[in-house]
Each structure stands twice: as C-alpha cells, then as structure tokens.
There are 4 protein chains.
Amino acid sequence: MSPRTRLEAAAKEDRQHELVLAAFNQIAARGFEGLRTREVAAEVGLNIATLHYYFPTKEALIRGVVDEAMRRFRSTLEPHGSPADQLRTHLRAVRQLLRTDPKLRAVMGELALRSARDQAIAGILRGTNDAWYKTLRGLLRRAAKAGHLRPDLDTDDVAALIVAALTSMMLPTVSKADRIDQTFRQLERMLGVSGRTGPP
Amino acid sequence: MSPRTRLEAAAKEDRQHELVLAAFNQIAARGFEGLRTREVAAEVGLNIATLHYYFPTKEALIRGVVDEAMRRFRSTLEPHGSPADQLRTHLRAVRQLLRTDPKLRAVMGELALRSARDQAIAGILRGTNDAWYKTLRGLLRRAAKAGHLRPDLDTDDVAALIVAALTSMMLPTVSKADRIDQTFRQLERMLGVSGRTGPP
Amino acid sequence: MSPRTRLEAAAKEDRQHELVLAAFNQIAARGFEGLRTREVAAEVGLNIATLHYYFPTKEALIRGVVDEAMRRFRSTLEPHGSPADQLRTHLRAVRQLLRTDPKLRAVMGELALRSARDQAIAGILRGTNDAWYKTLRGLLRRAAKAGHLRPDLDTDDVAALIVAALTSMMLPTVSKADRIDQTFRQLERMLGVSGRTGPP
Amino acid sequence: MSPRTRLEAAAKEDRQHELVLAAFNQIAARGFEGLRTREVAAEVGLNIATLHYYFPTKEALIRGVVDEAMRRFRSTLEPHGSPADQLRTHLRAVRQLLRTDPKLRAVMGELALRSARDQAIAGILRGTNDAWYKTLRGLLRRAAKAGHLRPDLDTDDVAALIVAALTSMMLPTVSKADRIDQTFRQLERMLGVSGRTGPP
DNA sequence: AATGAATGAGAGTTCATTCAT
DNA sequence: AATGAATGAACTCTCATTCAT
C-alpha cells in the first residue's frame, strides 16, 4: 500500500536520505572498496535489516548516493550573477565547493573511477560532464562576443581545458592547496577575469 | 634463507615482477575494488599459496604495483630532446602515454584515489607529482628566459595548470578523445609551441 | 478480546480462511521450502503484520493448511452411491481428485514428507490414512460377502495395496498420466469392477 | 593444476564423498527445508569455507546427493538371480532396501517432491523411474511367456501398479510396517510368486 | 483491524592468509 | 619453490516476528 499521508511519505524519504548521506560519508571516507552496509546502517542507528527495508540492495543504495552527488555537483554548475560576472563566478563557485564540501570531491573521484566498470554510472557522469562543458562553452562564447575575452582564445578548447583542470581536483593527491590556488589563478588570468569583481 | 647465487636471486625477482604485472593488469581492469590475489596468481599460472611465498601479504604486492606504475610514469616525465623542444616534447610524451598505455592511466587513477586512505601511497604519489611539477616549472622557466614564451605567462602557475589538466586524464570518465585533443591543443597554443617542431 | 457478535466472528474466520487458502496455494506452488509468510499476506492483499494478527506464528498458519487439506481429502474418501457401486465409485473419485485438484495432491505430498519431522502432522496424517484404509477395507469386505469380488482376494491386503498405489500419486515425479491410467486400470481389473457402471 | 597422483585425486574424492554423505544424512533427517551447509561441514569436521572448496555452491553439493541417491537406488533395481526368480527377488530387494536404508527412503521422497520445482532433479528422477518401470515390465513379460504368471494379468499395467505401490513407501507416513507387509504380500500373491523360493 | 518500521538470528558465499608436505 | 587443503572473519541479503500507532 502507498503511504497514507504526505507526512508519512516524507518521513520515509527522510530516512532514505539519512541512509544515503551515511553511505555518502562512508564512500568519502573509505571509498567504494570500504563501503559496508552494516556501517551505513549503524551510522544512522539502524539494524542492517532495516537498511534493506529502505533499499533492497547495496546497489540501490549506491544509486541513491550517485543521485545525491550529482544533485550537489550540478547545483554548483548553474550560472549565477550577471552575464558579465558568470564566468568568474563559476570558477569561484567550484573553488568554494572544493573547500566547503571535501566529501563531495572524494565521492566524485570515486564515481569517476567506478564509471570504468559501471555503465550506469558512466552514463550519468558523462551527462553531467557534458553539461558542465557546454555550460562553460556557452559562457565563454557569450563573453567572447561581448568582447570580454582575449580575441586569440579558442572558446571551445578553453572550455575543455578548464573542465580538465578542475576535474583533476577531485583526486586527493593533487589537491595541495597552493597548487590548486596556482591553477585557479592561471585560469582566471587566462580569461582576463582575475582582478575585477564587477563593472567599475 | 637468502638466495645462494645471483642467478637464483634474479629468477626470484623475475617471478615477482610477473606477479606485479599480473596485479597491475587486474587493477587496471577491475580496480582495487576487484583485485583478487587468487586471480593474480592464476594469471601467472601459480597457486595462491605460492604468491604468498613471493609477497607475504596483499599489501606487499600492491607496493610492487605502485613501484611499477611510478617507474613507468616517471620515465615519461624525463625531459628529452634539445632544451628548446623539451616543452613540446613533454606534452607529446604524455599524450602518447595516454594512448599507448591505457592500463597505466587506469592504475594511476586508482592509486590517486587510494592515496586518500593509504599514507604510503600518498607520500609516493606526492613525490612523483612534485617532481613532475618541478620538471615542468624548470622547462618553463628556461623557455621563458630564452624568450620562447609569451612574457605575460606566470611560469609557475602555468606549470600547475598543466599538471592539473593532464592529471584529470587519468580518470576514465573525462577521457573522451576529442575533449582530450582540445585540451592539449589549448595547452600548446597557450605555450606557443603548437606548430613548430624545432628551431627554424 | 473475543469478538462481540457472531457476525464479527464469522468475518474473522473468513479472513483466516482466505489466508489459509493463500498459504495452501503457496505450498502447492513452492513447497514448504518456499513458503513465505510475506507472500501469503500479499496474495490476500494484507500486510505481513496483519497476518500475525490472525495467526500468531507461521506454524499456526500451517496447522490451518493441514486442516484444509484434510477436509478436502476426507470428503473424497466418504463412500458415495449404492453399496454395490461404492468400490468403483471410490476409485473414480480419487482419480477425479487428482485431475481436479492438483494443488491438493501437491500439498498432501508435502505434508506426507513433513510428517517425518512434525509429530503433529504425522498424527493427523496417520489418522486420515487409517480412516482411508478402514473405509476401503469395509467396502471390500462387504463386496466380498455380497459375492462381488473374486474369492481368492484377501480383502485386507488388497485395501493396503490400493492405499499404497493411490498414495504414490501424491508425488509429482511418478504422476505421468499414462502410468496413472495403467495403475487405475489394473486396480479396477483386479477388483473386477472395471467395465460396469452400475447394476443392469 | 590437476592432482599429481592418483592417490591425491582419490583423497579429494573421498572428502567430497564424505561431504555428500553428510548432506545426505542431513536431508534424510531434516529435509531440504532444513539442509544447512554449515551443519554439513561440521558433521565432517570441516569449516564452512572448506566445504565451498570442494563444492562451489550448495546446489553443487545437492547434485552430489542426487547422484549418491540414484546410485544406491539403481543398484537395488538391477535384476539378480535366475530369470525365474528375478521377479520375486526384485520385490524382496526393494523390501530389504526399505528396512536397511531408511535414509535413502527419506531422501528419495525429498527428491521426488523437489522434482516439482527443480527440472534437473525431475529429469533424473524420471529417468530412474522409467528404467525401473521397464525393468519390471521386462521381468513380467518374460515370466508371462514362460507361463509363470496368471494369464489374465496385463504385464504392463501390473508393472505400473507395482512401481506405484512401492514408490508410496518412500513417504514416511504410510510406512507403517504392517501395512507395508500387507502390500508386499498382496503383490506377491498377485504375481503368484509368494511361497516358492526357487525351482524345486 | 491494520500497518509501517524495525530487528535478531542466521543463511550462503568470499577472501586473504596459513601450514604441512 | 610450489601446492592442496584448510580456516576465521566478514560480507550481503533474508525472514519470521514484534510493536507503536
């Protein structure tokens, strides 16, 4: 039977989300390699059997984690601010994300690796990645048209470079703070958006 | 007991290397998540117990794989050719590596992720990464001094950007051929090394 | 609390019977091995917890199934028709039962096997079996006295043989249609009741 | 690698057989419903993991039990003695089997029931059953030709009846000693093989 | 009378590791 | 050097049962 009230449905979804968050944390901390359903259930204070009440299989739980990660990541990608600022704002948003949500960074890295062996994840990640690339490309083209960009830049290739550079930051090794700073600085310099925070 | 002759020692090392290569392949194909010592032994035609004769633990075998990966990767990083060409040659070498040795790419990705949970790997990878960064920075500084670089480029930041961009290619998801091509093209354009293959 | 009105009591019994029938079907389809209380409840459109309201334990539900099976089976055994015909009629009734109610056949087989481990079922089944044997023996003795039987037959032993032969048909393997036909034919021939359908 | 000596191969087969026998006993005692691999391993004094070294799955172990049961049962069916005696000898052999090997009886019953849900078992059991029927039919036809049988008996139908009657004895419920005796007596009487133990 | 949520106990299976030979 | 056999610990998943509502 379906839940009788919207409240009950929400309660169920809440529990599911709790479990997804716990799994999310576990993956961030120990990777897919170390993801244990019992640990996830325990983190929420539930019995392992109860976890299976909400998610029939471990795989289903992982799908939930994928959705959660995508949700968070995509929200970062959406352009914000006035068109002229969007490019710089975008870079800052990603930089901010890396600082604020290191778990998301770790999970995104895990997903990227897993996509080699999981077609479902591969599809989803490819979609997100393409969306990201196209968003950036759009911003760059508009900026170029408005004359805010150095005329010798190939907008599409620059978009690819930016996506590549930022993607590498999902990997823990490279994420040394100063190296990240350097990379961002160089990207901003390349785009000519470094200093200004808005129109004078 | 230690091997009595140099020949025997060499034979032992050969077997060990065989096992390391098999493990390397397994990790490339199935990730750490799917690495099974039994599979590794079977790939070499050995019993699982014999594997433990050569490597006391799974972890020891993994250390062997790490060494192998580093060896291969570092050899790519070494500067080749005349100083003027080294920058372009380096980019080409990495590009070539991605094409020629996709397994190394996959293993490097796995190692990068694992470094979050394995301090030993983290240390090794950080070392390699720093070496890479410093190599590139050196090349860039020399090129700048020789006037082969656009004067407005900050050599150190560019080095960081290049390392970041190339590192992202260890992740399977992003590795769409045309996106990779775009990224390389943009890097070469940025460095002004795109067309020329040598001094006029 | 006990149900306050006869109507309520009847309603409760109806629900219980529904559940018993569902369990009966499940056992027929998947055996005791595959009997799942959740499936039973679902088949009636009830929650698993509600099933436990009507039957405190799985075992109690099974008792209900045993009763149901016995009720159906015993009703087949009751003599019908004129005394002269009863013997032939009895065989025909069993044959008919095997055709009409294959689920009962399957459940009887399951119960027979389970009786080895379940004294309660063993007792009930022994009772039914004895009743069957005695019914048949009575019919045979009366037929013998009336001269309707070949004088060289030992009525009691024949009764045992008939019960044995018919019992085997509860097992699915042996139940090849033509082998069943042969067996019935031979039994009727042995009793000399094959052709006639009644007195001339 | 394959075992190096015939002795080692035999040792492995011995262990496997030990496990099959333990499983056989468990099924006889608790039915398929109560078959637990851990119990089987314990009965042989092995760890559960070791059981899986010899049999990859529970199902594989069960196949072993099926083979064992068939081997035992078929050896009973083979005709023994001089042609004239074979019919009586066969009945006695089955009777003997029921007394000597009550576990086999129980396992055969379990297999018969399981065949409804397991096509592999169904096929095997059907084969054994047909072989049994044909063996008996052959004996009866030869006995009829030799004039050792009452001329009014239909050999084929009698064969079907005998198989049915004896099959029922695999079910525990019906197996009351005196009822079994009666059935055998009646079968022998019907065949005219009751008294004599051989040619005068 | 009915249910969603929760659980303890246990199932089959997997895997790195050990040890006698 | 090499192996067959063995194991402890752990894994995911299942199921009858309970309880507050």
Side-chain angles (χ1 to χ4, degrees), chain A residues 1-5 8-9 11-12 15-16 34-41 44-61, chain B residues 1 3 8 11-12 15 34-41 44-62, chain C residues 1 3 8 11-12 15 34-41 44-62, chain D residues 1-5 8-9 11-12 15-16 34-41 44-61:
Chain A
M1 307 293 110
S2 61
R4 273 164 311 183
T5 72
E8 282 173 16
K12 176 153 195 176
R15 267 276 198 250
Q16 280 178 322
L35 177 62
R36 301 290 173 258
T37 50
R38 263 189 168 79
E39 278 302 307
V40 172
V44 181
L46 286 179
N47 182 287
I48 173 64
T50 311
L51 181 149
H52 278 92
Y53 173 74
Y54 288 103
F55 294 94
T57 64
K58 187 184 186 182
E59 213 51 37
L61 177 63
Chain B
M1 289 132 250
E8 282 173 15
K12 177 156 188 176
R15 269 274 198 250
L35 177 62
R36 300 287 173 265
T37 50
R38 264 194 164 76
E39 279 301 306
V40 172
V44 180
L46 285 180
N47 183 284
I48 171 67
T50 311
L51 181 147
H52 275 89
Y53 170 77
Y54 289 104
F55 294 94
T57 65
K58 188 183 188 182
E59 215 50 38
L61 177 63
I62 291 177
Chain C
M1 289 131 249
E8 282 174 13
K12 176 156 189 177
R15 269 277 199 247
L35 178 62
R36 300 288 173 266
T37 50
R38 263 194 164 76
E39 279 301 306
V40 171
V44 179
L46 285 179
N47 184 284
I48 172 67
T50 311
L51 180 147
H52 276 88
Y53 171 78
Y54 289 104
F55 294 95
T57 66
K58 189 183 188 181
E59 214 50 39
L61 177 62
I62 291 177
Chain D
M1 310 291 111
S2 63
R4 273 163 310 181
T5 72
E8 283 172 16
K12 177 153 194 176
R15 267 275 197 252
Q16 281 178 322
L35 177 62
R36 299 290 173 259
T37 51
R38 267 186 169 82
E39 279 300 307
V40 171
V44 180
L46 287 178
N47 184 285
I48 172 65
T50 310
L51 182 148
H52 278 92
Y53 172 75
Y54 289 103
F55 294 94
T57 64
K58 187 184 187 182
E59 212 51 37
L61 177 63

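Each chain gets a letter, A, B and so on, in the order the sequences are listed, and its residues count up from 1.
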| field | side-chain N/O Tyr53(B) vs dA2(F) OP1/OP2, d < 4.0 Å | value | no
| Could you give the CG-to-P distance, from Leu46(D) to dG4(F), as a whole number of Å? | 17 Å
| message | Could you identify the nucleotide paired to dA5(F), looking across every strand shown and requiring Watson-Crick or G-U wobble geometry with both distances under 3.5 Å? | response | dT18(E)
| task | Please assess Thr50(D) against Val44(D) for the test side chain to side chain contact (heavy atoms under 4.5 Å, CB included), listing each intermediate value before the final yes or no. | result | CA-CA 10 Å; Thr50(D) 310; Val44(D) 180; over 6 Å; no
| Phosphate OP1/OP2 of dG4(F) contacted by Lys12(D) side-chain N/O (<4.0 Å) | no
| field | From CD1 (Ile48(A)) to CD (Glu39(A)), nearest 0.5 Å | value | 10.0 Å
| When the distance from CG of Leu51(D) to P of dT14(E) is rounded to whole Å, what number comes out? | 12 Å
| remark: Atom CZ of Arg15(A) and atom P of dA5(E) are separated, to the nearest Å, by 9 Å
| In whole Å, what is the span from the OH atom of Tyr54(D) to the C1' atom of dT14(E)? | 18 Å
| Rounded distance (nearest 0.5 Å) linking atom CG of Leu61(D) with atom CD of Gln16(D) | 10.0 Å
| query | Atom CG in Leu46(D), atom OG1 in Thr37(D): separation rounded to 0.5 Å? | reply | 12.5 Å
| Is Thr50(B) near enough to dA1(F) that one of its side-chain N or O atoms lies under 4.0 angstrom from OP1 or OP2? | no
| said: As an exercise, state the distance from OH of Tyr53(A) to NZ of Lys12(A), rounded to the nearest 0.5 Å. | reply: 4.0 Å
| remark: With sugar-phosphate taken as primed atoms, P, OP1 and OP2 and all else as base, the protein-contact string of nucleotides 14-21 of chain F at under 4.0 Å (heavy atoms; B, S, -) is BBBBBB--
| query | To the nearest Å, how far apart are Phe55(A) CZ and dT12(F) C1'? | reply | 16 Å
| request: Determine which nucleotide pairs with dT12(F), using a 3.5 Å limit on both distances of a Watson-Crick or G-U wobble pair. | output: dA11(E)
